[in-house]
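Single-structure report; data block below.
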Protein chains: 2
Amino acid sequence: MSLAPTPKTIGILGGGQLGRMLAQSASLLNIPVVILDSDGPTTLGPAKQILNTSGHIDGSFRDAEKISELAKKVDVITVEIEHVDVGALEAAMAKGKGKVEVHPSPETIRLIQDKYLQKMHLKSVGCPVGDFRKIERWRYDGRGNYLLKSDSSVEAAIEALGGGNLQGGGLYAEKYVPFRAEIAVIVVRSLTGQVVSYPAVETVHKDNICHLVWAPYRISSIEQDPKVAERAERVAREAIEKGFGTGVGVFGVEMFLLDDDSILINEIAPRPHNSGHYTIEACESSQYDNHLRAILGLPLGSTAMRVPSAGMLNILGDSPPNLVTLALAIPGATPHLYGKSPARPGRKMGHITIVGESDAQVRERMAPLLSSDPLPAPPHLLGHSHPHPLISIIMGSDSDLPILLPAARTLQTYFPSIPFEVTLVSAHRTPLRLVKFAQTAKSRGIRCIIAGAGGAAHLPGMTASLTSVPVVGVPVDSKSVAGGGGGLAGVDAMYSILQMPRGIPVATVAINNSTNAALLAIRILSGGIPRLQGEMEAYLERLGEEVEGKVRRMGEGSYDGDGKLEKGVGGWEGYGK
Amino acid sequence: MSLAPTPKTIGILGGGQLGRMLAQSASLLNIPVVILDSDGPTTLGPAKQILNTSGHIDGSFRDAEKISELAKKVDVITVEIEHVDVGALEAAMAKGKGKVEVHPSPETIRLIQDKYLQKMHLKSVGCPVGDFRKIERWRYDGRGNYLLKSDSSVEAAIEALGGGNLQGGGLYAEKYVPFRAEIAVIVVRSLTGQVVSYPAVETVHKDNICHLVWAPYRISSIEQDPKVAERAERVAREAIEKGFGTGVGVFGVEMFLLDDDSILINEIAPRPHNSGHYTIEACESSQYDNHLRAILGLPLGSTAMRVPSAGMLNILGDSPPNLVTLALAIPGATPHLYGKSPARPGRKMGHITIVGESDAQVRERMAPLLSSDPLPAPPHLLGHSHPHPLISIIMGSDSDLPILLPAARTLQTYFPSIPFEVTLVSAHRTPLRLVKFAQTAKSRGIRCIIAGAGGAAHLPGMTASLTSVPVVGVPVDSKSVAGGGGGLAGVDAMYSILQMPRGIPVATVAINNSTNAALLAIRILSGGIPRLQGEMEAYLERLGEEVEGKVRRMGEGSYDGDGKLEKGVGGWEGYGK
């Protein structure tokens, strides 16, 4: 008894890194796997290396006979690459008289193999795709791309795509789309038609090859639609639901996010996808776990992230050779090498996943691996707002800045690892900016807002009413700031901030005490970042030690006649003189 | 070029589940591994199954010749079991003239193999161990244990431990220690002597076999020492630092936590340990990753947890056969099967790790797997305090309960997944209980404290001064509660709670508004539990919809002359009449 949750054996067409990671997931469930791929002269491919069985098949995953041979050995066939012989697959299914299941279905693979057919099909079922047109005259191998900047380079494009020797599918042209970002979503469809998706991620390509992935996708400005990620996930799920009704397993859906935040589908892969490698360390079940579960008819696993933030860097044959060594020194980094050789330029040799408590930490951890990159992450300038803040310090007017600055200084001095921003949002002078700021706070990754306000002091409460992010309110004594006047020692602001109606709380701190607002924000963050509890305890200890020091000095009579602690003066008897 | 961070090949004595999980970690770094273990008649052992190489050795890991054969093939030898032939290991090292490293060192393994020697040695270097005594006359195989309840069962014990046929090491007796809990800590020692530890975990044994692990260890009462976990981690690190100066790699340190919170070392294993399986899914680098890094001289990986809470259940040969099937339906659960057969009672066939946002969620997720357990988790009773709360609602007197109950009701009604407790802590009548409560809050897993108080209202501020956990203060209008009097409409309490000195913030909400305190607590928790953001958005939407409904009714003139919204009365003209 193997305790495996299914008696089925799986066959995989292709034994590269995707097959390898599928096999790793299968081994956790004692599910036997047979790989069809061509062995090298001396070494096995990535997937076969980690499955010690005599059952693997040496041959091309495009070879009909080999596919038939595989079909005889297994119960379910799946693919780790879409460039397989669909006819052979269908023949194997027919010959086996329904004994062998193939997931995803051959018609799904056929539709996806040809980018033009895929686009036509997606358009026909109402999915958003860019403009495109078939070019009848030329034929090519279905894999190349060429960015055509002007008519004059058409000849060069045709040459680059294979010139007169093009064969296979057709050549087609797509309208160039300037985009703000590339987004990808991994979708899983079960045998029973259940469709779930992983969080939307940002992908960064270099020379048409996936370079970096950041998970989850975050908007970078309050001008963006805060629902971009949800929308991308819906577009991706709908593409699989409407477009590939018979497809079972994992799909990688790549999309363009345009400058106006609209979304176009770029392309779909009917298999685990490079943009989903991060799910191994960062999600409750990985894309590989879920591909197996889907094609075996087992319950799908949770696609929720189990860490706050993650990043993934591909290791290519021409990447710096010390990437893995560098990664071993980075907390939260897990290198994955695929057992491939030789290391040709552009060949995917492995990847490195980094997890962390925040986007800022993940990017900081990733930075040493990108130092040789032509486009490194921008450095964070001390005293400037951080590009990936966890805390946002806002106020209605720069005249409040003297009161709010101690919050920024407290964060910078005692909790330098916590990124924050400082900005103006006026409830009364920029009410629409207030709405945008509050509504985008969550999608920008903000976990706590510190809002200072004096007088009528509507900013904290109005912000709280427009977001689920906790808001800490600092009542400002208007008299204490430049141009202030008519203030009531801050009591007016205090009541405005504190006495919120049932349903919308503001965490109010003492009047003018933005230091405490910063400390409260750190306590709030510590629920998700446990190490901050230790840092806060150290801070409290320091406070106590300061007083202990003064205890000693007071005992030694070190104060002057005005009651100021000062070395070398006094004793009780000097007091008041 | 394999891109591996080291050119070394590893040899492992033993090819069971620990070897298998070591091999999985090695495959991520392209590090070649050769296993020495006896092959079954038809199947390979767990570790060999997932390493497709012709280099493995069929033979006993206690066979000196086979060890020599292994030594010729590899650069570093390690063990997945301590019951190896230490003499043969030393001989292999001597023969190889220093070309083969062995980690942990043979002297470390020898010290640990014999429980009596191990205890003597730990005692001699000042580590805390229970009373024990050698019994010269009897010999046994070094693995059995027998709990002796009275003198009359001595004969039965000797019989159970092998009777007159005992051989190998000596028999020894240990004083029975009644304990509160069993704690384990995984320690890693690098080649350069760096010693790091994973978080302390609670282990639950059944019939002397590891059954369950809960990570991290949490105290369960405010009467416990809040520093138990830190202390256990220090005891474990010191045992390795002082006791096994030449040992490199991962050590599993098992300890007893006695009723007075003192700690005794039970035993130490010089290898990855059952209590550390959870680290694969729950920590930034797993114990297997770190064992490899340690013995290869690579930088150690972070031992920090990357999830808030985790649990691990062993699958034994006599466990219910549907455990894996059940686990596939549980979010955050990852089954690991070891490819073993047959399933003999007590044999470790696999394990299931569950991760989650809180202890409560992990235990709830684990519950279906323990339903056949003789000791299931106690059920949580509605209206009672939860045994693993995230929010603690406290007040100085039960007369404040009417004001604080809306907080409990808001949590129960709108956020039923968030466990909380309700209790009394009086700053002035139980000042020492206040200190204990606040100081243990973090170690009990509390992430937010809601403290209500009237009049002088010291409870919230004093609590905040004794913990790093965020405190939400609810000013109570003393006049509004039974026995109240002399109150200043809650303004007295409001100032006491709000106007905290620089350094110690209390998140103050409106007077008597404990509903908002609960909602603020949920916002605070959402930093670590992102799904709560969505739930809070839904709550806010509901608030808005309620008002929209009233907008319609007001337009329809549905209010009476007293200004109450009521169907079928009025219009403007009826107002005030």
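Computation of the quantities below employed the complete heavy-atom set of this structure, encompassing side-chain atoms and omitting hydrogens, waters and symmetry-equivalent molecules. Keep in mind the model is a prediction, meaning the values are calculated, not measured.
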- [ ] Check whether any side-chain heavy atom of A:Thr334 lies under 4.5 Å from a side-chain heavy atom of B:Leu28, and answer yes or no.
- [x] yes
- [ ] Pick whichever of B:Gly350, B:Gly332, B:Pro308, B:Pro475 has the most heavy-atom pairs under 4.5 Å with chain A.
- [x] B:Gly332
Open item on the list: Please classify the contact of A:Arg293 with chain B as side chain, backbone, both or neither, using a heavy-atom distance under 4.5 Å.
Closed with: side chain
TODO: Give, as side chain, backbone, both or neither, the part of A:Pro335 having an atom under 4.5 angstrom from any heavy atom of chain B.
DONE: both
Open item on the list: If I take atom CG from residue B:Leu519 and atom OG from residue A:Ser468, how far apart are they, to the nearest 0.5 angstrom?
Closed with: 12.0 Å
Task: Test item: A:Leu540 and B:Ile504 side chains (from C-beta on) under 4.5 Å apart, heavy atoms - done: yes
TODO: Name the option with the most non-hydrogen atom pairs under 4.5 Å to chain A; the candidates are B:Ala304, B:Gly528, B:Ser302, B:Pro299.
DONE: B:Pro299
TODO: Measure from the side-chain N and O atoms of A:Arg306 to the backbone N and O of B:Val307, and report whether any donor-acceptor pair falls under 3.5 Å.
DONE: no
TODO: Would you give the length of the straight line joining atom CD1 of B:Ile511 to atom CG of A:Leu498, rounded to the nearest 0.5 angstrom?
DONE: 6.5 Å
Task: Top of B:Ala23, B:Ala464, B:Gly356 for chain A proximity - count of heavy-atom pairs under 4.5 angstrom - done: B:Ala464
Open item on the list: Using a 3.5 Å distance criterion without hydrogens, assess whether the side chain of A:Asn52 forms a donor-acceptor pair with backbone atoms of B:Lys48.
Closed with: yes
Task: Flag side-chain contact, heavy atom, 4.5 Å: A:Asn516 against B:Met500 - done: yes
Task: Stepwise side-chain contact (heavy atoms from CB on, under 4.5 Å) test for B:Leu3 and A:Ile315 - done: CA-CA 10 Å; B:Leu3 295 175; A:Ile315 303 174; 3.8 Å; yes
Task: Interface residue of largest heavy-atom contact number with chain A, from B:Leu300, B:Ile524, B:Leu328, B:Leu520, under 4.5 Å - done: B:Leu328
- [ ] Could you tell me whether B:Lys442 and A:Glu537 have a side-chain N and a carboxylate O separated by less than 4.0 Å?
- [x] yes
Open item on the list: For the backbone of A:Ser526 and the side chain of B:Arg447, can you confirm whether one donor and one acceptor N or O come within less than 3.5 Å of each other?
Closed with: no
Task: Interface moiety of A:Gln49 toward chain B, non-hydrogen atoms closer than 4.5 Å - done: backbone
Task: B:Leu298 versus chain A, the contacting section by heavy-atom distance below 4.5 Å - done: side chain
Open item on the list: Closer than 3.5 angstrom, by distance alone: can the side chain of A:Arg523 be matched with the main-chain N or O of B:Cys448 as a donor-acceptor pair?
Closed with: no
Open item on the list: Rounded at 0.5 Å granularity, tell me how far CG in A:Asn513 sits from CZ in B:Arg502.
Closed with: 4.5 Å
Open item on the list: Report which part of B:Met494 has an atom under 4.5 Å of a heavy atom belonging to chain A: side chain, backbone, both, or neither.
Closed with: side chain
Task: Contact winner vs chain A - B:Ser286, B:Ser27, B:Cys283, B:Ala329, heavy-atom pairs under 4.5 Å - done: B:Ser27
Task: Residue part contacting chain B, namely of A:Tyr338, when any heavy atom lies under 4.5 Å - done: backbone
Open item on the list: Quick check on A:Pro501 against chain B: is it the side chain, the backbone, both or neither that has a heavy atom closer than 4.5 Å?
Closed with: backbone
- [ ] Identify which part of B:Val506 has an atom lying under 4.5 Å from any heavy atom of chain A, answering side chain, backbone, both or neither.
- [x] backbone
Open item on the list: Please classify the contact between A:Arg542 and chain B as side chain, backbone, both or neither, with a heavy-atom cut-off of under 4.5 Å.
Closed with: neither
Open item on the list: In the structure I gave you, are the side-chain heavy atoms of A:Pro530 and B:Met305 within less than 4.5 Å of one another anywhere?
Closed with: no
- [ ] Using a 4.5 Å cut-off on heavy atoms from C-beta on, say whether the side chain of A:Leu29 contacts that of B:Val324.
- [x] yes
TODO: Below 4.5 Å from any heavy atom of chain B, which atoms of A:Glu357 appear? Answer side chain, backbone, both or neither.
DONE: neither
- [ ] Would you mind telling me which of B:Leu543, B:Thr325, B:Leu51, B:Ile446 has the largest number of heavy-atom pairs within less than 4.5 Å of chain A?
- [x] B:Leu51
